[in-house]
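Structure record follows, encoded as structure tokens.
Indexing begins at 1, ligand by ligand and atom by atom, following the structure's order. For clarity, every value in this text was computed on a predicted model and none was experimentally measured.
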Amino acid sequence: MPHLTVQYSQNLDHDVDMKEFCSVMSVAMQQTGVFPLAGIRVRAHPMPQYCVADGHSKNAFVDMVLRMGEGRSDATKSEVGAFLMARAEAVFAPLLADPYFALSLEIVTISKPFSWKTNSIHARINAPSVKGENS
Ligand SMILES: O=C(O)C/C(=C\C=C(/O)C(=O)O)C(=O)O
């Protein structure tokens, strides 16, 4: 499944609603049209121990890794990365306006022969909708 994994310095918990950020990024991943909805997973881990740059106590980071399956061209991956980065930059614009914040994103391709997946959500999401069942 396409995974967006976010690590962030725990000092951001005062300023940022990371649950909301996960929702924003999930919607952005859907909007790319590149990923199956049933496969999209976004999660964020607060990092309690870190040292950023000069060690200033206000320094903070958000680092995102997007793991996706094989088969997308470099051009597609580049477009997806730029789109998701722009969305994250918009969310963190207030933090980026101050000199204490680092935001990053990397795309990693999942090797098909060396990964395994089972996902029962596809059948539900792709099934013809029965009233109320998919909500
Ligand atoms: O192919 C992959 O491993 C990742 C992927 C989709 C995966 C699922 O839909 C799934 O695990 O159910 C992708 O679109 O990149």
Side-chain angles (χ1 to χ4, degrees):
M1 61 284 318
H3 297 266
L4 183 67
T5 304
V6 182
Q7 289 188 353
Y8 67 96
S9 52
Q10 198 167 39
N11 58 347
L12 289 176
D13 275 333
H14 304 294
D15 304 317
V16 180
D17 181 344
M18 283 308 226
K19 190 174 169 69
E20 172 61 18
F21 179 62
C22 289
S23 297
V24 167
M25 296 311 285
S26 175
V27 169
M29 287 175 70
Q30 294 168 42
Q31 289 172 337
T32 65
V34 169
F35 306 112
L37 174 59
I40 294 174
R41 299 183 190 190
V42 182
R43 69 271 205 177
H45 305 283
M47 294 291 121
Q49 312 298 342
Y50 56 87
C51 183
V52 179
D54 60 357
H56 193 291
S57 63
K58 286 174 73 173
N59 287 351
F61 74 90
V62 170
D63 178 56
M64 302 176 284
V65 177
L66 174 60
R67 290 166 46 233
M68 69 169 76
E70 295 173 353
R72 281 82 184 214
S73 67
D74 284 356
T76 297
K77 288 192 269 190
S78 205
E79 279 172 30
V80 165
F83 182 78
L84 296 181
M85 188 66 177
R87 197 56 64 89
E89 283 170 343
V91 170
F92 295 120
L95 291 170
L96 286 166
D98 286 332
Y100 303 102
F101 184 59
L103 177 65
S104 52
L105 167 66
E106 177 186 1
I107 292 177
V108 173
T109 302
I110 299 168
S111 166
K112 196 164 187 169
F114 300 114
S115 59
W116 293 261
K117 60 189 180 198
T118 309
N119 181 343
S120 67
I121 303 170
H122 284 282
R124 176 175 58 78
I125 286 185
N126 296 320
S129 177
V130 175
K131 199 173 175 214
E133 200 174 312
N134 281 330
S135 54

Count the heavy atoms of every other residue, nucleotide or ligand shown that sit under 6.0 Å from CG of N126, and state whether that count exceeds 12. yes
Enumerated ligand 1 atoms positioned under 4.0 Å from heavy atoms of M68: 15 (O)
Check for me whether P2 has a heavy atom closer than 4.0 Å to any atom of ligand 1. yes
Please check if the side chain of S26 supplies one atom and the backbone of C22 the other of a donor-acceptor pair under 3.5 Å. no
Shortest reach to atom 14 (O) of ligand 1 by a heavy atom, considering only H3, R72, K112, H122: R72
Besides V65, the hydrophobic cluster formed by Ile, Leu, Val, Met, Phe, Trp and Tyr side chains linked at under 4.5 Å, directly or via other members, contains V108
Side chains of F101 and V52, heavy atoms from C-beta outward: is any pair under 4.5 Å? no
Please check this pair: side chain of D98 against backbone of Y100, looking for a donor-acceptor N/O pair closer than 3.5 Å. no
Contact with ligand 1 for A38, non-hydrogen, under 4.0 angstrom: no
Numbering the atoms of ligand 1 from 1, which are under 4.0 Å from a heavy atom of N119? 10 (C), 12 (O)
